[in-house]
Amino acid sequence: MSKYLSNTLQAVTPYTPGEQPQDQKYIKLNTNESPYPPSPAVLDAVSRAEVEKLRLYSDPACADLLQTAAKHFGLQPDQIMPGNGSDENLFFALRAFCDESHPLAYADITYGCYGVWCGLLHIPSDIVPLKEDFTLDPADYYGRNETIVIANPNAPTGLALPRGAIEGILKANPNNVVIVDEAYVDFGGESCVPLIDQYENLLVIQTFSKSRQLAGARLGLAMGNAKLIADLNRVKFSLNPYNINRLTLKAGEAALNDTAYFDKTRAAIIETRAWTKQQLEARGFTCLDSRSNFLFASTERKNGAELYKKLKEKGVLVRHFDAPRIANWLRVTIGTPEEMQALLAALDKILEE
Ligand SMILES: *Cc1c(COP(=O)(O)O)cnc(C)c1O
């Protein structure tokens with residue numbers, strides 16, 4: 001770092017993303033992308049004519065995408081705001097609903113960015129430990145008088161809370177915003193979108209990165225009460241009004257409209273997940289009950305860090321986290337059936353060694 005870096009930034013520990021090797025050397029099961037290509041409708045939407053229009057700024061209101069999304073989710077356009085990935089929407093929400101004197105509550109084992117953004121934005125973190133079995137007790141979040149963020153299903157555990165449990169948290173915190181990060185909801189979770197008209201403190205964050213094959217396009221949606229969305233727009237228009245590029249707006253619309261492809265690909269992931277879980281358990285792994293597009297697994301047969309390393313040597317990338325509670329666990333993205341077979345073959349070799 002330079003001698004000019006501010007004291008605050010010196011104290012920030014940036015998020016470490018999963019490895020993104022730019023050659024095709026690895027079977028990539030480390031950052032929860034889809035193994036399938038985007039819908040053919042997306043390929044058609046990002047046309048040569050659209051590329052030519054890159055000369056012009058994108059629509060800061062994202063009107064066409066909002067119309068499509070509103071119809072898709074049964075909401076009004078003013079209840080939705082697109083973001084440059086859900087990461088951006090989550091950041092905007094923290095900027096809007098927390099500050100030095102208004103902390104953010106979140107689990108000890110969850111998405112790592114929440115803590116990083118708290119550091120960047122001078123927001124105190126109130127870290128609420130998950131139970132021994134990695135489940136979350138909703139009562140731990142009652143009446144905290146803090147903004148709350150819950151990933152549901154959670155990462156990296158894959159465990160999900162029923163909608164009713166989140167509803168309990170919403171009722172117990174009427175004066176605080178409850179952010180529900182639904183990055184993985186399409187793989188077997190229960191979405192809170194149907195609660196939006198009932199709870200003015202609910203903000204749901206979804207992404208096109210995991211279930212709609214658009215991780216590289218960077219697109220997410222924040223959904224909630226129109227006043228909450230207006231607050232988020234205040235932040236967006238104070239920072240980067242053209243935050244979604246033209247091609248991504250078109251791609252997102254096309255992806256939302258192709259519900260058949262969406263349903264087919266997420267069903268394939270769910271099926272492959274069940275098969276992989278069975279196979280891992282047959283090899284002595286413990287797998288949590290995943291409602292996401294990954295499995296969180298551990299075994300007494302070999303240490304998590306070592307397994308990660310040996311898998312990488314054999315050309316299979318998975319994710320390992322150093323946090324003490326989960327140091328013996330691996331997070332494995334669900335790929336194609338062929339990719340999962342390759343993972344299992346590599347594991348069998350490693351466990352024999
Ligand atoms: C992947 C992920 C995100 C970020 O998604 P982007 O839309 O790609 O920014 C947010 N929250 C959780 C829990 C995730 O796993």
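Only a predicted model underlies this, so the values are computations on that prediction, with no experimental measurement involved. Counting starts at 1 for both ligands and their atoms, in listed order.
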(request) Provide the closest heavy-atom pair for Phe73 versus Val193 in the form atom of the first, atom of the second, distance. (result)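 For Phe73 and Val193, the tightest heavy-atom pair comes out as O-CG1, 3.9 Å.
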(request) Considering non-hydrogen atoms only, spot the tightest contact between Ser58 and Ile244 and give its length. (result)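 In this case the closest contact between Ser58 and Ile244 is OG-O, 2.7 Å.
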(request) Would you tell me whether Asn243 and Glu88 have side-chain atoms, one donor and one acceptor, within less than 3.5 Å of each other? (result)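 Result is yes, a qualifying pair exists.
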(request) Determine whether the aromatic ring centres of Tyr111 and Tyr114 lie less than 6.0 Å apart. (result)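 They qualify: ring centres under 6.0 Å apart.
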(message) Can you confirm whether or not the ring centre of Phe134 sits under 6.0 Å from the ring centre of Trp329?
(response)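 Here the rings of Trp329 and Phe134 have centres that are less than 6.0 Å from each other.
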(request) Return the protein residues near ligand 1 (heavy atom under 4.0 Å from any of its atoms), ordered by chain and residue number. (result)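 Lining ligand 1: Gly85, Ser86, Asp87, Leu90, Tyr111, Asp181, Ala183, Tyr184, Thr207, Ser209, Lys210, Arg218.
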(request) Determine, for Phe294 and Arg331, whether the Lys NZ or Arg CZ falls below 6.0 Å from the six-membered ring centre while staying within 45 degrees of the axis. (result)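 Yes, Arg331 sits over the ring of Phe294.
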